[in-house]
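Since we're looking at a predicted model, the values are computed, not measured. Remember, it's 1-based here, ligands and their atoms both numbered in the order they're listed. Just so it is clear, the values below take in all heavy atoms, side chains as well, and ignore hydrogens, waters and symmetry mates.
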Amino acid sequence: MNEKYLALNQSELPERLSSISAITNKVGSNFSNWDVKEVGDGNLNLVFIVIGDKGKIIIKQALPHMRLVGEGWPLTLERSFFEYNALIRQEKRDPGIIPKVYYFNKTQGLIAMEFLEDHNILRGKLINGEKVEGLSNSLGKHCARLAFRGSELYMDSSEKKADSALFYRNVELMGITETFVFTDPYYKAELNFNTDGLAPIIKILREDTKLKTQAHKMLMKFSSHGETMCHGDLHSGSIMCTHNDTKIIDPEFAIYGPMGFDLGMLIANYLMSYFSQPAHRLNSIETSTFQAWLLQIIEDTIEKFSTEFKLLWNTERKGILYSKSLFEDQGQSSKYALDSVMSDIWITLLSICGIEMHRRCLSLAHNDDFEKIEDTVMRAKLEARNLMMGRELLLNSNSIKGVKSLINMAKEFNRKDFL
Ligand code: ADP
Ligand code: MG
């Protein structure tokens, strides 16, 4: 495994990995019996399930090009190094939230990790109308822990700077986000595609210079406000669940960026699931029941985030930011400071949420919530609600007060017809 990079394939994998004890300890050393399946459904990498006498394991390997687009789009293998580094930080900052990591090889761009056998991708579950117990608790707390414990509210200042310097080298994947998330939705970029019939909505978005300014204000935040480590791609395809357990995978887009980035992207994905429900449920009762559950998830996730963030603020604030020496040690409350930080996070969250709602319908990487709707007239109608709510969030992020307003806004857009 120390030779130069070579992509794995099903037939060669057993022999190539057979000398790595971290792997044979998990699956067994009798490699000629290993059963190997490639299951990658993502856009960038190879993912194999390896089953041996002793157990099962996931092998994820970076490819030197973008899988979604093909060999014409080279990508550095180093993203696997960032993924590995993000995984170990996620585990440290919120133990148990990621699959266990067993082995990493930088030259081969390879990570061996726990096979989440009983878990399924959350996006598929939401399309199927399956609820997950404890979802908001896990993810709300997780977003707070990752945001807080990766920032200078908590971390030692020099450690934080070293960490940000390391992740700022993840420029290639940052570049993908900068282009496909923040920029391409707002003009006729080459790789864009969209559902037929959306032209009138797209015109509204792309002609609005205030909207584009807001989007790029957020891009500036994304690319230059390294407040904390973000997963960087926390959509419902990066979350795997059983009926009552939640894990997060695939942090290769990890960066030091603004607090609220991950939570905003996550909420956008819940909202897109919400708007798409009429196409996936059998009747309006089923639709409204599942939609009500999704809105509850959004509300609870934000609530859990706030409660956990406040708890960490009060119990783990040991970094240079808003230090106790300036507030509590002076006999003063830090409540105003906390409210101010939370308010910034809220505005970032809403704005990122709006941008994610746009890019998933207009840029290169769409999501199955909408894409799986075969009736394109219906799809366009539902996507229009999503796009228009995204616009509202971006334009009015400063004046939307509290989660109830967000929920009411979703209900209102869900009743509107724009096409
Ligand atoms: P990519 O970076 O290419 O998007 P992902 O990390 O998202 O790759 O993995 C692609 C797919 O492989 C996931 O959607 C999931 O179905 C499966 N997968 C990835 N990691 C695991 C795991 N630890 N356990 C089970 N399945 C996994
Ligand atoms: Mg993925």
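Taking each of N120, I49, L46, I121 in turn, the one with a heavy atom nearest to atom 15 (C) of ligand 1 proves to be I121.
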| Does the salt bridge (charged side-chain N to carboxylate O under 4.0 Å, His left out) test come out yes or no for E172 and R79, once each step is laid out? | CA-CA 8 Å; E172 206 172 50; R79 65 185 188 278; 5.6 Å; no
| request: Might you work through the salt bridge (charged side-chain N to carboxylate O under 4.0 Å, His left out) test for R93 and D163, ending with a clear yes or no? | output: CA-CA 14 Å; R93 293 170 196 171; D163 238 29; 3.1 Å; yes
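Ligand 1 has at least one atom lying under 4.0 Å from a heavy atom of M240.
Here K60 has side-chain heavy atoms under 4.0 Å from ligand 1, and that is the only part of it that gets that close. Heavy atoms from both the backbone and the side chain of L116 come within less than 4.0 Å of ligand 1.
Taking a cut-off of under 4.0 Å to the non-hydrogen atoms of V47, the atoms of ligand 1 that pass are 9 (O), 10 (C), 12 (O), 19 (C). Taking every non-hydrogen atom of E114 and a distance limit under 4.0 Å, the qualifying atoms of ligand 1 come out as 22 (C), 23 (N), 24 (N).
At a threshold of 4.0 Å, the pair D184-R359 does not count as salt-bridged, since none of the basic side-chain nitrogens sits closer than that to a carboxylate oxygen.
Exactly one residue among E252, E83, Q61 makes a side chain to side chain donor-acceptor pair (under 3.5 Å) with N45. That residue is E252.
Judged by distance alone, the side chains of N314 and K310 never bring a donor and an acceptor atom under 3.5 Å apart.
Where the criterion is an N or O separation shorter than 3.5 Å, residue side chain and backbone included, D250 meets it with respect to ligand 1.
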